[in-house]
Every structure is written in structure tokens, then in C-alpha cells.
Amino acid sequence: MAFHRGSYHPIHVHLAHAQVLSRNRGAPRPSDVGLKDTVDLGPLETTELIMRFDTYRGRYVMHCHNLEHEDMAMMANFTIV
């Protein structure tokens, strides 16, 4: 899974933890080591993540943890089959 944003966004996927594989096609930051509940995405940054979706088949929700985005219920969902 890859994310790309134009401004700062802390990205959170419900029911899954992520491991950062790369940032801007380069090495992850030292702070990216280990499993993450939320991944910070900087301005104009691309982040590649790997996640396991082996405990639940169905719809997952992801959203940004910026307060104004949470308050406006700005979420997306995707389905694991």
C-alpha cells in the first residue's frame, strides 16, 4: 500500500498495523522502525507500507488524525476479500 499527500497527514488504518518500507523511494527514517498504528506523512511525501490483513475479511476504515479532518468525518474505506 502506498500513500502520497500534498500536506501533512498522520494516516491511521483501523484494525491493522503498518511497517514502513520506504519514504520517497528511499530508506525509512529511524523513527519508522517497528509496527505503526499511525504513520506520519509529510508534505509531498510518498510512503510505502506493508500490512497484514489476515484476521478479518471485509471492510476496513482509514482516516487522517488531523483534528479538522476527523471532525468532518473524512474517512475512506476499502475491502479485503
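Keep in mind it's a predicted model, so treat the numbers as computed, not measured. Side chains are part of it too, since the values below use all heavy atoms of this structure and drop only hydrogens, waters and symmetry mates.
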Trainee: For the CZ atom of R23 and the CG atom of L49, what is their distance to the nearest 0.5 Å?
Mentor: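 Separation between the atoms: 8.0 Å.
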Trainee: Quick one: pull up NZ in K36 and OG1 in T38 and give me the separation to the nearest 0.5 Å.
Mentor: 10.0 Å
Trainee: To the nearest 0.5 angstrom, please state how far the NE2 atom of H17 sits from the CD1 atom of I50.
Mentor: 15.0 Å
Trainee: Please check if the number of heavy atoms outside R59 that lie under 6.0 Å from its CZ is greater than 12.
Mentor: no
Trainee: Does R57 have more than 12 heavy atoms from other residues, nucleotides or ligands lying within 6.0 Å of its CZ?
Mentor: yes
Trainee: What pair of heavy atoms forms the shortest contact from A18 to V39, and how long is it?
Mentor: CB-CG2, 4.2 Å
Trainee: State plainly whether one hydrophobic cluster holds both I80 and Y56, where clusters connect Ile, Leu, Val, Met, Phe, Trp and Tyr through side-chain heavy atoms under 4.5 angstrom apart.
Mentor: yes
Trainee: Drop me the distance from D32's CG to S22's OG, to the nearest 0.5 angstrom.
Mentor: 9.5 Å
Trainee: Could you give the distance from CZ (F78) to CE (M62), rounded to the nearest 0.5 Å?
Mentor: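 The CZ atom of F78 sits 7.0 Å away from the CE atom of M62.
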Trainee: Please work out whether the ring planes of F53 and Y60 are parallel, tilted or perpendicular, with thresholds of 30° and 60°.
Mentor: perpendicular
Trainee: Would you name the heavy atoms of H12 and D37 that are closest together and state the gap between them?
Mentor: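 What the structure gives for the nearest pair is ND1-O, 2.9 Å.
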Trainee: Quick check: do H63 and H14 have side-chain heavy atoms less than 4.5 Å from each other?
Mentor: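 Yes; the side chains approach each other to less than 4.5 Å.
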Trainee: Would you say L35 ends up clustered with L41 if hydrophobic residues are merged whenever their side chains have heavy atoms under 4.5 Å apart, either directly or through other cluster members?
Mentor: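 Looking at the clustering, L35 is in a separate group from L41.
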Trainee: So, does N24 use its side chain to make a donor-acceptor pair with the main chain of T46 at under 3.5 Å?
Mentor: yes
